[in-house]
Amino acid sequence: MRPLLLSLGWFFVAVGVIGVFLPVLPTTPFLLLAVACFARSSPKLEAWLLEHPKFGPPLKDWREKGAIPRKAKIAAVVMMSFSYAIFWFGTSPPFWRATLVAALMIGPAIFVVTRPGPGA
């Protein structure tokens, strides 16, 4: 199981780093998955990510407090809204489908918005 978790951890690190350069791909969720994989396979790599000068602080904030920075909350909700607008205007969905997709997007949006900030 250890080799699988190491491989997954490195895969998530790679996707997270790509997300640094592509604004539509989030970085932190993939790095959170990488930390979780490394926690079960390589404490050394887990510590490396948690101590990283750029990526470490948000990972630690999430792990210790479940905190999401205000800027990230705003970006997440704006991107969800933008995605819904593209869905709505791009596909002209029937009412039931538009309602279902809205409900599926509102749940995660509420979750993100209700998380504490890093200073809390």
Side-chain angles (χ1 to χ4, degrees):
M1 190 59 126
R2 185 174 185 269
L4 175 64
L5 289 170
L6 276 171
S7 298
L8 280 172
W10 280 115
F11 170 75
F12 290 135
V13 167
V15 174
V17 169
I18 291 168
V20 170
F21 302 103
L22 296 176
V24 296
L25 187 65
T27 298
T28 305
F30 290 106
L31 294 180
L32 287 169
L33 289 169
V35 166
C37 289
F38 289 153
R40 290 162 183 78
S41 62
S42 173
K44 184 178 176 182
L45 291 172
E46 176 192 22
W48 168 72
L49 262 182
L50 291 173
E51 297 304 320
H52 190 277
K54 176 75 173 168
F55 304 128
L59 297 174
K60 285 181 184 176
D61 286 339
W62 176 257
R63 180 177 269 186
E64 294 167 5
K65 305 173 208 149
I68 300 174
R70 180 182 304 238
K71 185 177 172 182
K73 290 180 188 185
I74 292 168
V77 172
V78 166
M79 289 304 291
M80 285 183 212
S81 301
F82 184 67
S83 298
Y84 188 78
I86 290 172
F87 163 72
W88 179 271
F89 293 112
T91 65
S92 301
F95 178 76
W96 69 269
R97 190 177 309 146
T99 304
L100 176 65
V101 170
L104 291 172
M105 293 180 95
I106 288 171
I110 290 170
F111 177 80
V112 167
V113 171
T114 59
R115 297 305 95 201

Spatial distance of atom SG (Cys37) from atom CG (Leu5) [nearest 0.5 Å]: 5.5 Å
Got a sec, which residues hit side-chain hydrogen bond (donor to acceptor under 3.5 Å, both in side chains) with Lys73, two or more places apart in sequence or on another chain? none
Closest non-hydrogen atom pair between Pro108 and Leu104, with its separation: CD-O, 3.0 Å
Please examine the side chains of Phe55 and Val20, heavy atoms only from C-beta on, and report whether any two atoms are closer than 4.5 Å. yes
Any idea which heavy atoms bring Gly9 and Ala34 closest together, and the distance? O-CB, 3.5 Å
Taking the side chain as everything from C-beta on, heavy atoms only, tell me whether Leu45 gets closer than 4.5 Å to Leu6. yes
Under a single-linkage definition using a 4.5 Å side-chain heavy-atom cutoff for Ile, Leu, Val, Met, Phe, Trp and Tyr, are Met80 and Trp88 assigned to the same hydrophobic cluster? yes
Considering residues at least two apart in sequence or located in another chain, which fulfil the side-chain contact (heavy atoms from CB on, under 4.5 Å) criterion with Phe11? Val15
Please tabulate, for side-chain N and O atoms in residues 91-99, each donor-acceptor pair with protein atoms closer than 3.5 Å (sequence neighbours left out).
residue : atom : partner : partner atom : Å
Thr91   : OG1  : Phe87   : O            : 2.6
Thr99   : OG1  : Phe95   : O            : 2.8

Mind checking what makes side-chain contact (heavy atoms from CB on, under 4.5 Å) contact with Leu22, not counting sequence neighbours? Ile18, Leu25
Does any pair with a residue in residues 20-47 pass ring-ring contact (aromatic ring centres under 6.0 Å, His included), and if so which ones, sequence neighbours excluded? Trp10-Phe38
Would you please name every residue forming a ring pair (Phe, Tyr, Trp, His ring centres under 6.0 Å) with Phe12, sequence neighbours left out? none
Hydrophobic clustering (ILVMFWY, side-chain heavy atoms < 4.5 Å, transitive) - are Leu50 and Leu32 grouped together? yes
If Ile, Leu, Val, Met, Phe, Trp and Tyr residues are connected whenever their side-chain heavy atoms lie under 4.5 Å apart, and connections chain through other members, are Met1 and Leu8 in the same group? yes
CG of Leu49 to CD of Glu51, rounded to nearest 0.5 Å, is 10.5 Å
Nearest heavy-atom approach of His52 to Pro57 is O-CD, 3.6 Å
Leu59-Val17 co-clustered via ILVMFWY side chain contacts under 4.5 Å: yes
Excluding sequence neighbours, so at least two apart, what forms side-chain contact (heavy atoms from CB on, under 4.5 Å) with Ile110? Ile106, Thr114
Met79: what forms a side-chain contact (heavy atoms from CB on, under 4.5 Å) with it, not counting sequence neighbours? Val24
For Ala76 and Val112, the nearest pair of non-hydrogen atoms, with its separation, is CB-CG1, 4.2 Å
Do the side chain of Lys65 and the main chain of Pro116 share a donor and acceptor less than 3.5 angstrom apart? no
Going by the side-chain hydrogen bond (donor to acceptor under 3.5 Å, both in side chains) test, which pairs reach into residues 21-48, not counting sequence neighbours? Glu46-Arg63
